[in-house]
Amino acid sequence: MKNISILILCLFMSKATFALYDSTEVVDMEAYQHIVDSINDSFNYEYGTVELDGGIATLTVPEGYKFLGAEQSNFVLTDLWGNPPSEVLGLLFPKETLPIGGDLTYAVEITYSEEGYIEDEDAEDIDYEALLEEMQSDMEEVNPVRVEQGYAPITLVGWASAPFYDKENKKLHWAKELKFGDAETNTLNYNIRVLGREGFLTMNAIGEMDALPLFNQDVDKILGSVEFNEGYKYGEFNPKMDRVAAYGIGGLVAGKVLAKAGFFAVIAKAWKFIAIGAVGLFGLLRKKFFGAKE
């Protein structure tokens, strides 16, 4: 990801100027950097204790991190990184990194899914190696659809970190190593699920594989940073009132939450941190410099 951000900058770098889109539209590096700096300076980060999604959960921003709220996170994901609009609760960034810049190694997207109560009785009986093979098969089955829609095929190389379920704290985490098309660098997708009474919080970190040691240094404090509030905790489940999800821990790891078409949508979403700025940032810069193009 760091390399892609640098590549974007290099597209604009020269002693004078580069042509963008056609020979009549010229952008100089100083002006480009001014736009990038103004965008980065516009973000309002939060620290300390943050209430998520109307009070269902509390985030204690980990030391060394900063939190960007839902509205500005949507701007980053959609306008800067070129993704469809989503119901993101926020983004966690390592404190010294920026949404646009060569130092961004990974970011953690936080969302909430009200899928129902996840029963965890199956957690200790899951064969995660067999589950991995099934997931790899699913990925191969979905790839022709990805290619038809203009996306690179994805290879699920294996576990970057095998699934682990903390039964006491109701927190599940695992990491996948992915290869997009012919990319020289594989992609890390680190998944965290925090189970609650009516659904689960998702914390997904996506970056290049060399970000894994950095993330592993902080994974415990990231895991401990989020807790459901009273009324939404896993232990407060009421079988007479609350809905039970149609899948358990194994289904949550495998991505069986959705049908195959939905599975494709989930995998496609992972592209957000890989294609950082390649479409969205160029479009934004075009508007800044030239206005809308007819």
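- A side-chain contact (heavy atoms from CB on, under 4.5 Å) with Trp174 is found for one member of Leu131, Ile192, Asn191 and no other, namely Asn191.
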**Study point:** Working for ring-ring contact (aromatic ring centres under 6.0 Å, His included), residues Tyr112 and Phe200
**Key:** CA-CA 6 Å; Tyr112 176 63; Phe200 55 89; 7.6 Å; no
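- When the ring-ring contact (aromatic ring centres under 6.0 Å, His included) test is applied to Tyr190, the partners found at least two apart in sequence or on another chain are Phe215.
- No side-chain donor-acceptor contact under 3.5 Å links Arg146 to the backbone of Pro153.
- The CD atom of Glu87 sits 9.0 Å away from the CG atom of Asn74 when rounded to the nearest 0.5 Å.
- Under the 3.5 Å distance criterion, the side-chain polar atoms of Glu140 are left unmatched by any main-chain donor or acceptor of Leu156.
- To the nearest 0.5 Å, atoms CG (Leu195) and CD (Glu119) are separated by 11.5 Å.
- Panel note: side chain Lys66, backbone Lys95; a donor-acceptor pair is recorded below 3.5 Å.
- No donor-acceptor pair closer than 3.5 Å links the side chain of Ser137 to the backbone N or O of Glu133.
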Exercise for review: Apply the test side-chain contact (heavy atoms from CB on, under 4.5 Å) to residues Met139 and Val142: give CA-CA distance (whole Å), side-chain angles for both, the deciding distance (0.1 Å), then the verdict.
Suggested key: CA-CA 5 Å; Met139 194 81 78; Val142 164; 5.8 Å; no
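- Looking only at atom types and distance, the side chain of Glu109 has no donor-acceptor partner in the side chain of Asn204 under 3.5 Å away.
- Checking Asp218, Leu223, Val219 one by one against Lys221, the side-chain contact (heavy atoms from CB on, under 4.5 Å) holds for a single residue, Asp218.
- A donor-acceptor pair under 3.5 Å is formed between the side chain of Asn143 and the backbone N or O of Ile154.
- The only member of Val50, Leu59, Ile110 that meets side-chain contact (heavy atoms from CB on, under 4.5 Å) when paired with Ser225 is Leu59.
- Using the six-membered ring where Trp is involved, Phe93 and Tyr45 have ring planes that are perpendicular, over 60° apart on the 30 and 60° scheme.
- Between the side chain of Lys179 and the main chain of Thr155, no donor-acceptor pair closer than 3.5 Å is present.
- Asn40 and Asp37 share no side-chain donor-acceptor pair at under 3.5 Å.
- The minimum heavy-atom distance between Val157 and Gln136, with the atom names listed, is O-NE2, 3.5 Å.
- Within the 4.5 Å cutoff, no side-chain heavy atoms of Leu98 are placed close to those of Phe43.
- Considering CD1 of Ile39 and CG of Asp79, their distance stands at 9.5 Å, rounded to 0.5 Å.
- For Lys171, the side-chain hydrogen bond (donor to acceptor under 3.5 Å, both in side chains) partners are Glu227, not counting sequence neighbours.
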Practice item. Show your reasoning for whether side-chain contact (heavy atoms from CB on, under 4.5 Å) applies to Leu89 and Leu201. Key: CA-CA 10 Å; Leu89 302 182; Leu201 286 162; 3.8 Å; yes
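- The two atoms that bring Leu188 and Ala211 nearest to each other are CD2-C, 4.2 Å, heavy atoms only.
- Glu177 and Thr187 share no side-chain donor-acceptor pair at under 3.5 Å.
- Panel note: side chain Glu236, backbone Lys233; a donor-acceptor pair is recorded below 3.5 Å.
- How far CG of Leu80 is from CD1 of Ile100: 4.5 Å, rounded to the nearest 0.5 Å.
- Here the CG atom belonging to Leu178 is positioned 8.0 Å from the CG atom belonging to Asn186, to the nearest 0.5 angstrom.
- Side-chain atoms of Arg243 come within 3.5 Å of backbone N or O of Glu115 as a donor-acceptor pair.
- Taking the six-membered ring where the residue is Trp, the centroids of Tyr65 and Tyr47 are separated by 6.0 Å or more.
- Proximity of a side-chain donor or acceptor of Glu46 to a complementary backbone N or O of Phe67 within less than 3.5 Å is not detected.
- No donor-acceptor distance shorter than 3.5 angstrom exists from the side chain of Thr185 to the backbone of Glu208, with no hydrogens or angles considered.
- If you take OG1 on Thr111 and CG on Leu91, they are separated by 10.5 Å, rounding to the nearest 0.5 Å.
- Contact check for Leu172 versus Leu252: side-chain heavy atoms found under the 4.5 Å cut-off.
- Residues satisfying the side chain to side chain contact (heavy atoms under 4.5 Å, CB included) test with Lys167, not counting sequence neighbours, are Asp120, Glu124, Tyr165, Lys170.
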